[in-house]
Structures are given as C-alpha cells and as structure tokens.
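In what follows, a structure is listed as structure tokens, so that the remarks can point back to it.
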Amino acid sequence: MKAKKLTGEKAAEYIEDGMIIGLGTGSTAYYAIKKVGEMVRNGLKIKAVPTSKETAELAAAEGIELVELADVEALDLTIDGADEVDPDFNLIKGGGGALLREKIVASATEKLIIVIDESKLVEHLGSFHLPIEITPFSWQYTQRMVEKFSCSSKIRKKDGEIFVTDNGNYILDCDFGKIEDPLKISVELNKLPGVVENGIFAEMAEIVVVGYNDGHIDVLAKE
Ligand SMILES: O=C(CO)[C@H](O)[C@H](O)COP(=O)(O)O
C-alpha cells in the first residue's frame, strides 16, 4: 500500500496548470486522484476525463472538474495503473474491469504514465490472466472463438453473478501462458466478432513509475 501511494503521488507531479488529463482506475490510480484533488484544492486548474464510474465518483468527490472525452481534442497526460508491465512497457490491464474506457482514454493521450508497485514488473506478460471485454450476446460462442487462440478462460463473476462492465459488457479472464508477441495477439483478438477490447496495451505507455515497499521509487521512461 505504501508503494502504491508513493507511485500515485509521484505521477501527479507531472501535472501542470491548464492540462486536460485522464484519470485511471484501481487502487494505485486512487492515490494519484487523491493527490490531484489536493492540488486542485490548492489552486491547480485542470480538467479530467475519468476511465470508470468509480473514478468519476472519486474525482468528483475530490472537487476535480470532469469533462467528456467527446468534448476535448486530446489529453495531455493520463495516470493509470496496470496488472503487468514488461521491459518494453507492454501492459496487461483490466484487473479492475475498466479496460475499454482505459484504452480509449490512453489512445487519446499524449503521455501515458503508468503507476505500479514492484510486484507488477514481469519479464513476459501472461502470468496475470488477460481480461477481454466481450458482448453479452451468446458470450459462450465468443468464448469458444477466443479459446481457439490456445488459451483457457473463465467468465468473470462478482458475488456469484456475471460481472458487468460500465459499458454493459462481460469479461473473460484468459490464461495464455507466456505471451510472446503482445501486439500481435492483441490485434488478432480484436478481430473476433463479439470481442470489444482486450487488456493488452502495447506500445502505449511513455513513463512507468514503480514504487517499492522499502520506500524508493523508480521512474522509467521509454527510450
Ligand atoms: O486496469 C485496471 C483496471 O481496469 C487497473 O489499473 C489495474 O487492475 C491495476 O489496479 P491496481 O492499481 O488496483 O493494482
């Protein structure tokens, strides 16, 4: 928790007056949002696009002015968490179920800053099961098509019921084993009818802020 707080707060240092920013989802992004709230109360003038209903509620409670992505040209930066980060800054996201809005917001962002604790750094993506957002219509069919990519999968559930995303869709959590070519598998998965988006964020992150439990922080920048 200490590492998540440190990294979230460090990322907030990149925010400047007048920026339009994206706010991610999850327990690490939470600390960045709390810090942004404090900065706003101290006079920082920014506008923000949230990546989930949960983040929208938190940001509004912090007094951060929210805008729709549809109403802005582009975002200066976005701060978001991740479930895995490889040495090339490829990510798995969606552990919190917000991957679709997170990817749309990331794609509209000039600088994507990822905030993680040290446990998220991996040599290869794939230990964390890849979340794939799918449409509810005959979802078992889509699941069978996804599993043709040599993975096993489970429909995500919460409190015994199928988990429904902010967009009214479902999530398959897929075990691919080691993912050798993240960009390729991401492109191929998104070609399947019924797949709305997958949780691989390839070649999107610019900066990764890593928090360590001993209290130090590494800021890794794309070369
Ligand atoms: O992708 C996400 C939500 O969809 C989160 O950013 C990811 O799951 C990391 O969350 P946390 O910071 O709580 O570990």
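Computed from a predicted structure; not experimentally measured. Numbering of ligands and ligand atoms starts at 1, following listing order.
Look at Lys120 and Glu84 and you find no salt bridge, because none of the NZ, NE, NH1 or NH2 atoms lies under 4.0 Å from a carboxylate O. Classification of Glu38 and Lys35 as a salt-bridged pair holds, one side-chain N sitting under 4.0 Å from a carboxylate O. Ion pairing between Lys111 and Glu206 fails under the 4.0 Å rule for side-chain N and carboxylate O.
Legend: side chain to side chain donor-acceptor pair (under 3.5 Å) pairs involving residues 171-185, not counting sequence neighbours, sorted by first then second residue: Arg156-Asp173.
Judged as a salt bridge (charged side-chain N to carboxylate O under 4.0 Å, His left out), and not counting sequence neighbours, Glu118 has no contacts. For Glu147, the side chain to side chain contact (heavy atoms under 4.5 Å, CB included) partners at least two apart in sequence or on another chain are Gln143, Cys151, Ser153.
Listed as neighbours of ligand 1 are Lys4, Thr25, Gly26, Ser27, Thr28, Asp80, Gly81, Ala82, Asp83, Lys93, Gly94, Gly95, Gly96, Gly97, Ala98, Leu99, Glu102, Lys120, each bearing a heavy atom under 4.0 Å from the ligand.
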